[in-house]
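In what follows, a structure is listed as structure tokens, so that the remarks can point back to it.
We're numbering straight along the sequence, starting at 1.
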Amino acid sequence: DVEGKIMRSHPEGGGRLLEQFDALTEEARVIVMQHHERHDGKGYPRKLKGDQIHVYSKICCIADVFEALTATRPYKKSFSSFHALNIMKNEMRQEFDPEFFEQFIRLFIGKDFTPPKKKLLS
């Protein structure tokens, strides 16, 4: 619980640092503050949902999850792009703005995997 609380504090801590040192832009600070917010309102730190989340943060949320799934970490193996997208679609779909997630999937069509014959978000 203690470690979880510390980990969940990094968006606000990062946002404060960017503001304190007048680093980057206001949009960058908002992305840092909101990149763990979820479309369904179950994210953190402020439990924002839907249109309460900045457009750039919605995009970065999807990219952050995808990167976490496809990266090799000391505590887990990496997943292929196709497997990561399937996890995101089947287990995490409610966390992402549906329109942005569909566009993210479209980035991969014809790339490093063969998509299923049916629409991924059906």
So, taking the atom named [atom1] in [X] and the one named [atom2] in [Y], what distance separates them when rounded to the nearest 0.5 Å?
X	Y	atom1	atom2	answer
Leu48	Ser57	CG	OG	9.0 Å
Phe82	Ile105	CZ	CD1	10.0 Å
Glu26	Met33	CD	CE	9.5 Å
Met88	Arg93	CE	CZ	12.0 Å

Which pairs, with at least one residue in residues 9-22 and sequence neighbours excluded, count as a salt bridge (Lys or Arg N to Asp or Glu O under 4.0 Å)?
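Every pair satisfying salt bridge (Lys or Arg N to Asp or Glu O under 4.0 Å) with a residue in residues 9-22: Glu12-Arg46.
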Pairs meeting criterion salt bridge (Lys or Arg N to Asp or Glu O under 4.0 Å) with involvement of residues 33-44, two or more places apart
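Listed by first then second residue: Arg38-Glu95.
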All side-chain contact (heavy atoms from CB on, under 4.5 Å) counterparts of [X], not counting sequence neighbours:
X	value
Ile59	Val55, Phe100
Ala71	Glu67, Arg73
Ser78	Thr72
His10	Met7, His35, His36, Tyr44

Hey, quick one: are [X] and [Y] part of the same hydrophobic cluster, counting side-chain heavy atoms closer than 4.5 Å, chains of contacts allowed?
X	Y	value
Ile31	Phe21	no
Phe96	Leu85	yes
Phe79	Ile62	yes

Contacts of type salt bridge (Lys or Arg N to Asp or Glu O under 4.0 Å), residue [X], not counting sequence neighbours:
X	value
Glu99	none
Asp1	none
Glu27	none

Ring pair (Phe, Tyr, Trp, His ring centres under 6.0 Å) against Tyr56, all qualifying residues, sequence neighbours excluded
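With neighbours one apart ignored, the set is His54.
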Taking ring pair (Phe, Tyr, Trp, His ring centres under 6.0 Å) as the definition, give me every residue that meets it alongside Phe66, ordered by chain and number, with sequence neighbours left out.
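Expected list: Phe104, Phe108.
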Are there more than 12 heavy atoms of other residues, nucleotides or ligands under 6.0 Å from atom NZ of Lys5?
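No, not enclosed.
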Exam field: side chain Asn90 to backbone Asn86, donor-acceptor pair closer than 3.5 Å:
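Checked: pair present.
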Taking Phe101's backbone N and O only, do any of them form a donor-acceptor pair with Lys89's side chain (distance below 3.5 Å, no angle check)?
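No: the side chain of Lys89 does not pair with the backbone of Phe101.
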For Lys47 versus Gly43, what's the shortest heavy-atom pair and its separation?
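Scanning both residues completely, I find the closest heavy atoms to be CG-O, 3.4 Å.
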Which pair of heavy atoms, one from Asp51 and one from Lys58, lies closest together, and at what distance?
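Minimum heavy-atom separation between Asp51 and Lys58: OD1-NZ, 3.5 Å.
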For Leu24, the rest of its hydrophobic cluster, which grows through side-chain links under 4.5 angstrom
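Members other than Leu24 - counting any ILVMFWY side chain reachable under 4.5 Å - are Leu18, Val32.
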